[in-house]
Amino acid sequence: MPVELKVNGRSVAVDAAPNTLLVHALREHLRLTGTHVGCDTAQCGACTVHVDGKAVKSCNVLLAQVAGRSVTTIEGMAAADGTMHPMQAAFKECHGLQCGFCTPGMVMSAVDLCQRHPGANEAQIREQLEGNLCRCTGYHNIVKAVQQGAAAMK
Ligand code: FES
Ligand code: FES
């Protein structure tokens, strides 16, 4: 039986085993390759998506666990006309990325963080993003981007 859920606002039926990892269902069955696989062991955060509005590591969730729920990936963050989400725009403007591998997961975690803690300070942002690893930037511009994105989301 296909597993039915919503992805980026659209109803989909994924014809995969219920114990398929969500990240693999998104990438291999729905071709949403913006969600990356960095470790496959719930450490790096590159696979972060939203499930019912909350950030989760999709390498740590089974497809069966999201049946009937709403999943948002980085592809679902921009407006219908292509305008970037304020957090995406902030990452671009603040140079919060280099190779970009970690960026989709960072953006998804950052948006969730700002929804939960709209007034987060630098130390809180660093603490909240500790589950998202970046090999390139040294995190400094990522923190700036999250602060700018948070202000734009208010
Ligand atoms: S691939 Fe999921 S946390 Fe690294
Ligand atoms: S920008 Fe390269 S891993 Fe973060």
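These numbers were taken from a predicted model, which means no experiment stands behind them. For ligands, and for the atoms within them, numbers begin at 1 and follow the listed sequence. Atoms considered below: every heavy atom in the structure, side chains included; atoms not considered: hydrogens, waters and symmetry mates. Along the sequence shown, residues carry numbers from 1.
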Exercise: identify the closest heavy-atom pair between P104 and H36
CG-CE1, 4.0 Å

Short N/O/S contact of C134 with atom 2 (Fe) of ligand 2 (below 2.8 Å):
no

Relative to the heavy atoms of G38, which atoms of ligand 1 are at a distance of less than 4.0 Å?
1 (S)

Atom pair CD/NE2 of Q115 and H50 - distance to nearest 0.5 Å:
6.5 Å

Counting each atom of ligand 2 from 1 as listed, which ones have a heavy atom of G100 under 4.0 Å away?
1 (S), 2 (Fe)

Least distance between heavy atoms, A42 atom then C59 atom
N-SG, 3.3 Å

Would you mind telling me if ligand 1 is within reach of the side chain of C39, the backbone, both or neither, using heavy atoms under 4.0 Å?
both

Side chain to side chain contact (heavy atoms under 4.5 Å, CB included), that's the test. Do V71 and N8 meet it? Break it down for me.
CA-CA 6 Å; V71 174; N8 297 335; over 6 Å; no

Nearest protein heavy atom with distance in Å, relative to atom 1 (S) of ligand 2:
Q98 N, 3.2 Å

Atoms in ligand 1 flagged as close to C44, the criterion being non-hydrogen separation under 4.0 Å
1 (S), 3 (S), 4 (Fe)

Between V107 and F91, the two heavy atoms sitting closest are CG2-CD1, 4.0 Å

What do the steps show when you test S70 against D52 for side chain to side chain donor-acceptor pair (under 3.5 Å), and what is the final call?
CA-CA 5 Å; S70 181; D52 294 335; 4.8 Å; no

Q128 and R116: side-chain donor and acceptor closer than 3.5 Å?
yes

Report yes or no: does C99 have an N/O/S atom closer than 2.8 Å to atom 4 (Fe) of ligand 2?
no

Closest to atom 3 (S) of ligand 1 among protein heavy atoms sits G45 N, 3.1 Å

Specify whether an N/O/S atom of C47 falls short of 2.8 Å from atom 4 (Fe) of ligand 1.
no

Of the side chain and backbone of D40, name the one, both, or neither that has a heavy atom under 4.0 Å from an atom of ligand 1.
backbone

Look at the N, O or S atoms of C136, main chain and side chain alike, and state whether any lies under 2.8 Å from atom 4 (Fe) of ligand 2.
no

Does this structure show an ion pair linking R126 with E130, if we count only N-O contacts that are shorter than 4.0 Å?
no

Using a strict 4.0 Å cut-off to heavy atoms of A42, name the atoms of ligand 1 that fall inside it.
3 (S)

Against heavy atoms of R135, which atoms of ligand 2 measure under 4.0 Å?
3 (S)

Could you walk me through whether Q148 and E93 pass the side chain to side chain donor-acceptor pair (under 3.5 Å) test, one step at a time?
CA-CA 9 Å; Q148 182 170 313; E93 283 161 23; 2.6 Å; yes

